[in-house]
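Here the structure is laid out as structure tokens; the discussion comes afterwards.
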Amino acid sequence: TQHEKIIRGCALALAMTMFRREEEAESLIQQMLLDKDPILRYGACFCIALAYVGTSQNAAIRRLLHISVSDVSDDVRRAAVMSLGFVLCNVPDQLPGVVKLLSESYNPHVRYAA
């Protein structure tokens, strides 16, 4: 619906405002991840991706991997796997090893993103 598109746009706009802010973004990321609305959790994945883009930070990778296997929403899981690419973009040789098991997932959304 129109309402969902507006929420998704706002969530992605919040993510973009956190570009390369790492620790400053943590409180917003935590708030968005704890929300019951899957669209905001989707935005949280991209918030992690943009805050930690190219850093290969283990905490961000661990958090995204956890989301990619545990969230109830397929959209959020897919966003988490795609976000791994942003975080690991400075070491492209490591990415296949990280997403190898995800590419064999039973969930088609996760497989697609990997």
Side-chain angles (χ1 to χ4, degrees):
T1 67
Q2 186 69 21
H3 186 67
E4 288 174 351
K5 290 177 184 176
I6 292 169
I7 295 171
R8 190 176 305 271
C10 289
L12 291 177
L14 284 171
M16 288 179 200
T17 62
M18 292 297 139
F19 182 69
R20 291 194 181 265
R21 286 188 144 170
E22 297 183 26
E23 298 304 318
E24 292 175 52
E26 280 304 315
S27 63
L28 177 63
I29 291 168
Q30 197 59 35
Q31 277 184 312
M32 291 174 81
L33 282 176
L34 293 176
D35 200 281
K36 64 178 181 174
D37 187 351
I39 298 173
L40 290 179
R41 295 195 311 271
Y42 171 91
C45 293
F46 285 106
C47 199
I48 295 169
L50 293 172
Y52 295 96
V53 65
T55 62
S56 302
Q57 191 192 53
N58 283 333
I61 295 168
R62 195 175 314 116
R63 185 184 264 174
L64 289 168
L65 285 171
H66 174 72
I67 295 167
S68 68
V69 297
S70 65
D71 201 277
V72 295
S73 169
D74 288 334
D75 285 340
V76 177
R77 288 175 148 199
R78 186 174 59 239
V81 177
M82 289 189 302
S83 296
L84 285 168
F86 283 91
V87 176
L88 290 167
C89 70
N90 65 330
V91 282
D93 53 310
Q94 282 188 353
L95 187 60
V98 173
V99 298
K100 183 179 184 329
L101 288 175
L102 295 173
S103 67
E104 299 167 1
S105 172
Y106 70 93
N107 187 316
H109 295 271
V110 173
R111 267 197 325 268
Y112 170 78

Item to check | Pairwise distance CD1(Ile61) to OG(Ser56) - rounded to 0.5 angstrom | outcome: 5.5 Å

Checklist entry - Under a single-linkage definition using a 4.5 Å side-chain heavy-atom cutoff for Ile, Leu, Val, Met, Phe, Trp and Tyr, are Val81 and Leu101 assigned to the same hydrophobic cluster? => result no

Checklist entry - Going by the ring pair (Phe, Tyr, Trp, His ring centres under 6.0 Å) test, which pairs reach into residues 60-99, not counting sequence neighbours? => result none

Item to check | For Asp93, side chain to side chain donor-acceptor pair (under 3.5 Å) partners two or more places apart | outcome: none

Item to check | Nearest-0.5 Å distance, CG of residue Leu12 to CD1 of residue Ile7 | outcome: 12.0 Å

Checklist entry - Less than 4.5 Å apart, any side-chain heavy atom of Val53 and any of Asn90? => result no

Item to check | Ile6-Met16 co-clustered via ILVMFWY side chain contacts under 4.5 Å | outcome: no

Checklist entry - With Gln57, which residues qualify under side-chain contact (heavy atoms from CB on, under 4.5 Å), at least two apart? => result Glu23, Tyr52, Thr55, Ala59, Ala60

Next on the checklist: Going by side-chain contact (heavy atoms from CB on, under 4.5 Å), name the residues that satisfy it together with Asp35, two or more places apart in sequence or in a different chain.
Outcome noted: Asp37, Leu40

Checklist entry - Can you tell me how far the CE atom of Met18 sits from the CD1 atom of Ile48, to the nearest 0.5 Å? => result 13.0 Å

Item to check | Partners passing salt bridge (Lys or Arg N to Asp or Glu O under 4.0 Å) against Lys36 (at least two apart in sequence or in another chain) | outcome: none

Checklist entry - Rounded to the nearest 0.5 Å, what separation is found between the NZ atom of Lys5 and the CD1 atom of Ile39? => result 11.5 Å

Next on the checklist: Suppose the criterion is salt bridge (Lys or Arg N to Asp or Glu O under 4.0 Å): which pairs have a residue in residues 57-68, not counting sequence neighbours?
Outcome noted: Glu26-Arg63

Checklist entry - With sequence neighbours excluded, what pairs up with Thr17 under the side chain to side chain donor-acceptor pair (under 3.5 Å) test? => result none

Next on the checklist: Which residues pass the side-chain contact (heavy atoms from CB on, under 4.5 Å) test with Leu95, not counting sequence neighbours?
Outcome noted: Leu84, Leu88, Val99

Checklist outcome for this item: So OG of Ser27 and CE of Met32: to nearest 0.5 Å the spacing works out to 11.5 Å

Next on the checklist: Once rounded to the nearest 0.5 Å, what's the spacing between atom CG of Leu64 and atom SG of Cys45?
Outcome noted: 6.0 Å

Checklist outcome for this item: Those residues at least two apart in sequence (or on a different chain) that pass salt bridge (Lys or Arg N to Asp or Glu O under 4.0 Å) with Glu24 are Arg21

Checklist entry - Which salt bridge (Lys or Arg N to Asp or Glu O under 4.0 Å) pairs, counting each pair once, include a residue from residues 10-19, with sequence neighbours left out? => result none

Next on the checklist: Tell me the closest heavy-atom pair linking Ala44 and Ile29, and the distance in Å.
Outcome noted: CB-O, 4.1 Å

Next on the checklist: Quick test of your reading: applying salt bridge (Lys or Arg N to Asp or Glu O under 4.0 Å), list the pairs with at least one residue in residues 69-85, sequence neighbours left out, ordered by first then second residue.
Outcome noted: Arg41-Asp71, Asp75-Arg78

Checklist entry - Does the pair Glu4 and Arg8 meet the rule for a salt bridge (Lys or Arg N to Asp or Glu O under 4.0 Å), with working shown? => result CA-CA 6 Å; Glu4 288 174 351; Arg8 190 176 305 271; 5.8 Å; no

Item to check | Leu102 and Leu65: CA distance, side-chain angles, deciding distance, side-chain contact (heavy atoms from CB on, under 4.5 Å) verdict | outcome: CA-CA 9 Å; Leu102 295 173; Leu65 285 171; 3.8 Å; yes

Checklist entry - By side-chain contact (heavy atoms from CB on, under 4.5 Å), which residues pair with Ala15, not counting sequence neighbours? => result Phe46, Cys47, Leu50

